[in-house]
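Since the structure comes first, as structure tokens, the remarks are kept for the end.
Chain naming here is simple, since letters A, B, ... match the order of the sequence lines and numbering starts at 1 in each.
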Number of protein chains: 2
Amino acid sequence: MKLSKKKYGIENCYLSNHCLPEWLPAIEANKKIYEVKKGELVFKEGEPVEGIYFVYSGKLKVHKKWASDKELILRFATDGKILGHRGLSTNNTNYPISATALENSVVCYIDMNFFHCTLKVNTKFAYKLLMFFADELQESERKMRNIAHMSVKGRLAQTLISFKNQFGVNEDGSLALELSKQDVSSYIGATYETLFRILNELIEEKAIEVSKRSIKILDLAKVEDLATREI
Amino acid sequence: MKLSKKKYGIENCYLSNHCLPEWLPAIEANKKIYEVKKGELVFKEGEPVEGIYFVYSGKLKVHKKWASDKELILRFATDGKILGHRGLSTNNTNYPISATALENSVVCYIDMNFFHCTLKVNTKFAYKLLMFFADELQESERKMRNIAHMSVKGRLAQTLISFKNQFGVNEDGSLALELSKQDVSSYIGATYETLFRILNELIEEKAIEVSKRSIKILDLAKVEDLATREI
DNA sequence: CGACTTCTTGATGTAACTCAATCCCGGTGG
DNA sequence: CCACCGGGATTGAGTTACATCAAGAAGTCG
């Protein structure tokens, strides 16, 4: 991860979009823009929290380690999203999770001290962020219940629906998110092999179509049914 | 759940503890105190969000439904804690979870409109709440990973440790939280029978002692080991 | 073209769920 | 006071979904 030499504005950034206009110059003065290569780590679980990141472009995953080679992917972040906000806490000073770029990305870094100032000065932003956190918490707990009680097939169906909603589809109808099967399985909390078998089941049922790194939903009703029937 | 006739101050309440002193009269004027009987619902998943609650006394569980008879308990709330803050969100206007009293409790209700005002006026409180949400999110994601990858035994051990930290122990060393086995199993995301067997294993290993509705940790080192070894 | 991931599939193991039977205990009514 | 009842606690047996392991096929990159 290295400082970008190119100049980036502060247009497409959660922070600047919700701040007071008079605060923008301060942000401009304090931000740092980093270019992150595919596969590169933005920050790592256990490291001390130093700042917060806003995604300008690219795709990243937020994940929590497990044993030596396992992980659980908690969410994916694309442009306009926040990264590292889980480190926002006074008593816990280390990142509880890691963030890794899935493709070459550009992120905007804000020092934590300055960010805390921002929060205190921009009450509207703080309010906005609070709502964002409430949503994240809801989503997190929904996912937790699913992992606890739903079958892998149901979770996969839910994941497909949420990918569709979050990232949309390409012209050909495939999900606009290229993920390795490895990542998908880490996201739904299953092994690679299990995911593979379940994908095949769905293909046989003509519910989806898989090619290379992309997935297309053929029978949305069926997938939606699978995603909700067990709840 | 019915309005309390008794007068309650606003001392032991997350809201009043973190607000501007000059805002306290407004809170006083807007609060409603409810008495909740054991087993009674404070609010229910799916219902429209109308307000937020602060626990004065008692113990409650926050849970998410599943099928007809299953549930996942997300957390327990005792005095000083917040309830219903998951409903704090502009786009989602229904509670994503339910809250039920485990024993007779007293809660303080604040209308959501007034609460939003409070947030806008009391920036320090909003900030405090933001930190609280960050912590909740961390905890939620830690628990999610555990449910995804940890054995029931490991999760139980973690749960015992966290109960000890959150609720403390009685003079006799037993956890100061009386729960039915049903509730414990819903909290760790396992069935009643499985929990029972695992409890027995731990008893045979002389790690814990169980009587009626209380649990005592005998061998803390062992429980701590179980709680961390798989991570 | 060989080394090296990533994919695919089968075989096997097992933790945990499910269902059902029995046990235990407190309450209730005769 | 005791027999009876009901519901939670306990235990057992069977089933299943999923993980694990292993090994071959197929891309892919120098």
- [ ] Round to the nearest Å and state the distance from B:Leu195 atom CG to C:dA15 atom P.
- [x] 17 Å
- [ ] Could you tell me the separation between the CG atom of B:Leu226 and the C1' atom of C:dA15, rounded to a whole number of Å?
- [x] 16 Å
Open item on the list: Side-chain N or O of A:Tyr192 versus OP1/OP2 of C:dT6: is the shortest distance under 4.0 Å?
Closed with: no
Open item on the list: Please evaluate residues A:Glu71 and B:Arg145 with respect to the criterion salt bridge (Lys or Arg N to Asp or Glu O under 4.0 Å), reporting the C-alpha separation (whole Å), side-chain torsions for both, the decisive distance (0.1 Å), and the verdict.
Closed with: CA-CA 8 Å; A:Glu71 61 174 9; B:Arg145 185 204 49 186; over 6 Å; no
- [ ] Indicate yes or no: does B:Lys61 engage B:Asp183 in a salt bridge with an N to O separation below 4.0 Å.
- [x] yes
TODO: Tell me, with the steps shown, if A:Thr191 and A:Thr194 meet side chain to side chain donor-acceptor pair (under 3.5 Å).
DONE: CA-CA 5 Å; A:Thr191 57; A:Thr194 301; 2.8 Å; yes
Task: Integer-rounded Å distance: C:dA16 P and B:Ile147 CD1 - done: 13 Å
- [ ] May I have the distance from B:Ile198 (atom CD1) to C:dC17 (atom C1'), rounded to whole angstrom?
- [x] 12 Å
Open item on the list: Please identify the 5'-most and 3'-most nucleotides of DNA chain D with any atom under 4.0 angstrom from a heavy atom of chain A.
Closed with: D:dC18 to D:dT28
Open item on the list: From the set C:dT8, C:dC17, C:dG10, return the single nucleotide nearest to any side-chain atom of A:Arg197.
Closed with: C:dG10
TODO: Output yes when B:Glu136 and B:Arg75 qualify as a salt bridge under the 4.0 Å nitrogen-oxygen rule, no when they do not.
DONE: yes
Task: NZ/NE/NH1/NH2 to OD/OE distance under 4.0 Å, B:Lys64 and A:Glu141 - done: no
Open item on the list: Once hydrogens and angles are ignored, does a donor-acceptor distance under 3.5 Å link the base of C:dC19 to the side chain of B:Glu193?
Closed with: yes
Open item on the list: By nearest atom, which of the nucleotides C:dT8, C:dA16, C:dT18 is closest to the A:Phe196 side chain?
Closed with: C:dT8
Open item on the list: Check A:Glu103 with A:Lys37, please: is the shortest side-chain N to carboxylate O separation under 4.0 Å?
Closed with: no
- [ ] Decide, yes or no, whether a salt bridge links B:Glu139 with B:Arg142 under the criterion of side-chain N to carboxylate O below 4.0 Å.
- [x] yes
TODO: Classify the nucleic acid contact of A:Ser180 as base, sugar-phosphate or nothing, counting any heavy atom under 4.0 Å across all strands shown.
DONE: nothing
- [ ] Starting at atom CD1 of A:Ile203, determine the distance to atom C1' of C:dC7, rounded to an integer number of angstrom.
- [x] 13 Å
Task: Rounded interatomic separation in angstrom, taking CG from B:Asn200 and P from C:dC23 - done: 17 Å
